[in-house]
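Position 1 is the first residue of the sequence, and the numbers go up from there. Because the structure is a prediction, the values reported are computed rather than measured.
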Amino acid sequence: MSDHDSIAGIRTATVVGGGVIGASWAALFLARGLSVTVSDPQPGIEEAVRGHIAQAAPALGALGLDTSDLTARLAFVPDLADAVRAADLVQENGPERLEVKHRMWRVIEENAPAGALFATSTSGIPATEIATALKDPGRLVVGHPFNPPHLVPLVEVVPGERTSPETTERARAFYQALGKRPQVLRKEVPGFVANRLQSAIFRECVHLVSEGVVTMRELDDIVTSSLGQRWAVAGPFRSFHLGGGGEGGLPHFMSHLGAGMERRWADMAEEQVAFDERTRRLLTEQVKDFGGSVADLAAERDRRQIAVMRALGEGYDD
């Protein structure tokens, strides 16, 4: 991107919070040619963020982006007011505590340019609640990524009750131009969509392992060799439309097989699932079966994720 170019009108981004999510956003913004300022008062944050960006660089390169001189346009400004003064975009990734977000957004609104796009990466707090701290709540929208943001395409764009349509569309257009797959949700719901699906599925995963039906590794193998592959190309509704009802599709499935699924839903609702001491101990003991360090396993996961994305034609190639 040249000095005169932008991504949907965005040239400079301030990333508030330099944790895993913030650093991943920073890596992607930099690789897409934006100038990035990271604001986080935590000691050692610059070294940590630079380390995360270095780890993200191979994946970004594999997906078609130029990662040479990746940090040439990266700055660190601990003072939040100073950090946002020239921002076209503020992507906030602070702690998931409403009072903390309120304090940050008051400072951001007071000091950021009037035309800056305000987005929060919150994983569950509605924009409506966060925006009560703002004089102009119409400026704020949720831009919730799926971790890690530099790799997984989804961004859930979730407007609050007072988010302006212009803000929502501007956020959607920016994330799409960035190379992401933004999905605007039609209403606020706790946890949004992807995390709710993840929580529902993981609840049954924990139940099956805690009951001794399968081990954690066996369950992972079942998912990655069935549902994971199928849903990567079709999603659950289309999968049932294509594979659950023959030529009749989803209507046939619901008429002929829906009752059986409803009985399973009822049975599963009666299951008591919790991270109690016994379950925690069991899951912790089985972690060793994965083999390798967390860093090694994450690198392997990312390599396989990139292979899937390439097969599906996903990436950042212009």
**Request:** Say whether, by atom type as modelled, one donor and one acceptor occur between the side chain of Asp296 and the main chain of Gly292 under 3.5 angstrom.
**Result:** no
**Asked** When the aromatic ring centroids of Phe240 and Trp231 are compared, is their separation below 6.0 Å?
**Response** no
**From CA spacing to verdict: side-chain contact (heavy atoms from CB on, under 4.5 Å), Ile10, Phe29** = CA-CA 10 Å; Ile10 304 294; Phe29 293 161; over 6 Å; no
**Residue pair Met104 / Pro95: nearest heavy atoms and the distance that separates them** = CE-CD, 4.5 Å
**Request:** Could you tell me whether Arg304 and Glu300 make a salt bridge, using a distance below 4.0 angstrom between a side-chain N and a carboxylate O?
**Result:** yes
**Item:** Joint hydrophobic cluster, Phe237 plus Leu197, side-chain heavy atoms closer than 4.5 Å
**Value:** no
**Prompt:** Got Thr128 and Arg162 here, is their nearest side-chain heavy-atom distance under 4.5 Å?
**Reply:** no
**Prompt:** Roughly how far apart are Glu156 CD and Lys180 NZ, rounded to 0.5 Å?
**Reply:** 12.0 Å
**Request:** Spell out, yes or no, whether Leu34 and Val90 are grouped together once hydrophobic residues are joined by side-chain heavy atoms under 4.5 Å, including indirect joins.
**Result:** no
**Request:** Decide whether Gln305 and Asp302 meet the rule of one side-chain donor and one side-chain acceptor closer than 3.5 Å.
**Result:** no
**Request:** Starting at CG of Asn111, measure out to CG of Asp82 and round the result to the nearest 0.5 Å.
**Result:** 7.5 Å
**Request:** Determine, for Arg280 against Glu277, whether the closest basic-nitrogen to carboxylate-oxygen distance falls under 4.0 angstrom.
**Result:** no
**Asked** Between Gln229 and Thr224, is there a donor-acceptor pair closer than 3.5 Å when you use the side chain of the first and the backbone of the second?
**Response** yes
**Within-4.5 Å side-chain heavy-atom neighbours: Thr168 and Val184** = yes
**Asked** Would a distance-only check, ignoring hydrogens and angles, find a side-chain to backbone donor-acceptor pair under 3.5 Å from Arg196 to Pro190?
**Response** yes
**Asked** Just wondering, are more than 12 heavy atoms of other shown residues or ligands nearer than 6.0 Å to CG in Asp69?
**Response** no
**Asked** Atom CG in Leu30, atom NE2 in His150: separation rounded to 0.5 Å?
**Response** 12.5 Å
**Request:** Indicate yes or no for a side-chain donor-acceptor contact from His256 to the backbone of His252 under 3.5 Å, with no hydrogens or angles considered.
**Result:** yes
**Prompt:** Are side-chain heavy atoms of Val214 and Ile222 found at a separation under 4.5 Å?
**Reply:** yes
**Prompt:** Going through the distances and angles, do Phe146 and Leu151 end up as a side-chain contact (heavy atoms from CB on, under 4.5 Å)?
**Reply:** CA-CA 9 Å; Phe146 212 68; Leu151 186 57; over 6 Å; no
**Message:** Let me confirm one number: the OG-CG distance from Ser164 to Asp136, rounded to the nearest 0.5 Å.
**Reply:** 7.5 Å
**Asked** Between Thr14 and Gln91, is a side-chain contact (heavy atoms from CB on, under 4.5 Å) present by the stated rule, with each step listed?
**Response** CA-CA 6 Å; Thr14 295; Gln91 184 79 43; over 6 Å; no
**Request:** Could you tell me whether the side chain of Glu188 and the main chain of Ala127 form a donor-acceptor pair under 3.5 Å?
**Result:** yes
**Message:** So for atom CZ, which belongs to Arg301, do other residues, nucleotides or ligands contribute more than 12 heavy atoms lying within a distance under 6.0 Å?
**Reply:** yes
**Request:** Check whether any side-chain N or O of Arg172 sits under 3.5 Å from a backbone N or O of Gln183 as a donor-acceptor pair, and report yes or no.
**Result:** no
**Heavy atoms of other groups near Glu204 CD, more than 12 under 6.0 Å** = yes
**Prompt:** If every non-hydrogen atom of Phe76 is compared with every non-hydrogen atom of Ile45, which pair is closest and at what distance?
**Reply:** CE2-O, 4.4 Å
**Prompt:** Is any side-chain N of the basic residue among Glu46 and Arg50 closer than 4.0 Å to the acidic one's carboxylate O?
**Reply:** yes
**Message:** Phe118 vs Leu89, test: side-chain contact (heavy atoms from CB on, under 4.5 Å). Steps then yes/no.
**Reply:** CA-CA 6 Å; Phe118 289 172; Leu89 163 72; over 6 Å; no
**Request:** Grab the two heavy atoms, one from Arg11 and one from Ser6, that are nearest each other, plus how far apart they are.
**Result:** CG-CB, 3.6 Å
**Prompt:** Just by distance, do the side chain of His102 and the backbone of Glu129 share a donor-acceptor pair under 3.5 Å?
**Reply:** yes
**Message:** Are Ile306 and Ile53 connected into the same hydrophobic cluster when the rule is that any two of I, L, V, M, F, W, Y join if their side-chain heavy atoms are below 4.5 Å apart?
**Reply:** yes
**Request:** State, yes or no, whether a side-chain contact exists between Val158 and Val141 at a heavy-atom distance under 4.5 Å.
**Result:** no
**Item:** His207 NE2 to Leu219 CG distance, which is reported to the nearest 0.5 Å
**Value:** 11.5 Å
**Prompt:** Does a side-chain N-to-carboxylate-O contact under 4.0 Å join Glu314 and Arg181?
**Reply:** yes
**Asked** CZ of Arg230: more than 12 outside heavy atoms within 6.0 angstrom?
**Response** no
**Item:** Backbone of Arg217 reached by a side-chain donor or acceptor of Gln286 within 3.5 Å
**Value:** no
**Request:** Please lay out, stage by stage, how His144 and Ser121 fare under the test side-chain hydrogen bond (donor to acceptor under 3.5 Å, both in side chains).
**Result:** CA-CA 4 Å; His144 174 242; Ser121 298; over 6 Å; no
**Message:** Tell me the closest heavy-atom pair linking Ile130 and Trp105, and the distance in Å.
**Reply:** CG2-CD1, 3.5 Å
**Request:** Determine whether more than 12 heavy atoms belonging to other residues, nucleotides or ligands lie under 6.0 Å from atom CZ of Arg238.
**Result:** no
**Message:** Taking Leu28 as the starting point, is it possible to reach Val157 by hopping between hydrophobic residues whose side chains are less than 4.5 Å apart?
**Reply:** yes
**Asked** Just how far is it from atom CG of Leu74 to atom OG1 of Thr71, taken to the nearest 0.5 Å?
**Response** 6.0 Å
**Prompt:** Is the backbone of Ala59 close enough, under 3.5 Å, to the side chain of Arg303 for a donor and an acceptor to pair up by distance?
**Reply:** no
**Request:** State, to 0.1 Å, how close Gly143 and Val155 come at their nearest heavy-atom pair, and which atoms those are.
**Result:** C-CG1, 3.8 Å
**Prompt:** Transitively linked via ILVMFWY side-chain contacts under 4.5 Å: Val223 with Val206?
**Reply:** yes
**Complete:** Correct closest heavy-atom pair for Phe192 and Ser123 would be CE1-C, 3.5 Å
**Asked** Counting distance only, does the side-chain N/O of Glu92 pair as donor-acceptor with the main-chain N or O of Gly94 below 3.5 Å?
**Response** yes
**Item:** Salt-bridge criterion met for Glu109 and Lys135 (N-O under 4.0 Å)
**Value:** no
**Prompt:** If we only count heavy atoms from C-beta on, is the Ser24 to His52 side-chain gap below 4.5 Å?
**Reply:** no
